[in-house]
Amino acid sequence: MSNEQPKIPQATAKRLPLYYRFLKNLHASGKLRVSSAELSEAVKVDSATIRRDFSYFGALGKKGYGYNVSYLLSFFRKTLDQDEITEVALVGVGNLGTAFLNYNFMKNNNTQIVMAFDVDEAKVGTEVGGVPVYHLDELEERLNERITVAILTVPAQVAQPITDRLVRKGIKGILNFTPARLNVPGHIRVHHIDLAIELQSLVYFLKNYPAE
Ligand code: ATP
């Protein structure tokens, strides 16, 4: 495999962690190859999309053989930077923030929440899921250049000023769980997950477009 990373479309890139997780399990169970039909069934993505996605990785499945599991795995590991841990900070140790700290993502990939911030004196100075909780006043002094991603689980009205501080401190990506729409400079990536809207949209689709 060459060190040149091909340019992958964003929609494909978003499916990579899904493929990666499944292939890791396959590999662990000793499977050497997998067909696009099997993958499709497991990750619930249609097989034409899988074939197109995989063609970007230079993985051309052979008819009647499928894809080589180790080849795909090493590609994904490289592409997703799985050999390197991405350090993450979380701001807002409420119900949702606490759940993330306890979960801490390490089972599925190499991202790890290494510190959290809150303004509630009862939470500051404690550890949640093994992660230290600092006062928001210490944000600038605690963040360091290894931490490039932040998760926001604060009340919506404080999301923007906290975002501005994170951006000034060099955070590159924000996973925003607040309903606030954030303004950020062009070089910052924000992924917005509004759980209330997702739930509402699921209910709407169930009512209007029931699954076959
Ligand atoms: P959720 O379920 O959304 O996490 P919650 O009901 O537990 O919320 P919220 O009022 O949404 O609590 O607050 C989430 C967390 O954010 C709380 O722990 C709160 O102390 C913290 N918080 C509030 N304001 C700030 C702030 N300016 N900076 C950092 N944390 C804050």
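Order of listing sets the numbers, starting from 1, for every ligand and every atom in it. Note that this is a predicted model, so its numbers are computed, not measured.
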Can you tell me if CG on Leu32 sees more than 12 non-hydrogen neighbours from other groups inside 6.0 Å? no
Is the count of non-hydrogen atoms from other residues, nucleotides or ligands lying under 6.0 Å from Lys31 atom NZ greater than 12? yes
How are the rings of Phe54 and Tyr19 set relative to one another: parallel (under 30°), tilted (30 to 60°) or perpendicular (over 60°)? perpendicular
Atom 20 (O) of ligand 1: protein heavy atom closer than 4.0 Å? yes
Applying side chain to side chain contact (heavy atoms under 4.5 Å, CB included) between Val91 and each of Val119, Leu136, Thr178, report the one that passes. Leu136
Expected output: side-chain Glu140 to main-chain Lys169 donor-acceptor under 3.5 Å: no
Okay, side chain of Asn104, backbone of Ile113: is any donor-acceptor separation there less than 3.5 Å? yes
Specify the protein heavy atom at minimum distance from [atom]: its residue, its atom name, and the distance to 0.1 Å.
{"atom": "atom 3 (O) of ligand 1", "result": "Leu96 CB, 4.5 Å"}
{"atom": "atom 25 (C) of ligand 1", "result": "Val119 CG2, 3.5 Å"}
{"atom": "atom 17 (C) of ligand 1", "result": "Asp118 OD2, 3.5 Å"}
{"atom": "atom 15 (C) of ligand 1", "result": "Gly94 N, 3.5 Å"}
{"atom": "atom 14 (C) of ligand 1", "result": "Thr153 O, 3.5 Å"}

Would you name the heavy atoms of Val93 and Asp118 that are closest together and state the gap between them? N-OD2, 2.7 Å
Taking all non-hydrogen atoms of both residues into account, name the closest pair between Ile171 and Ile188 and its distance. O-CD1, 3.2 Å
In ligand 1, which numbered atoms sit nearer than 4.0 Å to a non-hydrogen atom of [X]?
{"X": "Asp120", "answer": "20 (O)"}
{"X": "Lys123", "answer": "17 (C), 18 (O)"}
{"X": "Ile162", "answer": "26 (C), 27 (N), 28 (N)"}
{"X": "Val154", "answer": "16 (O), 29 (C), 30 (N), 31 (C)"}

Can you figure out which of Val124, Val93, Asn95 has its heavy atom closest to atom 6 (O) of ligand 1? Asn95
Option whose closest heavy atom lies nearest to atom 23 (C) of ligand 1, chosen from Gly97, Ala116, Pro155: Pro155
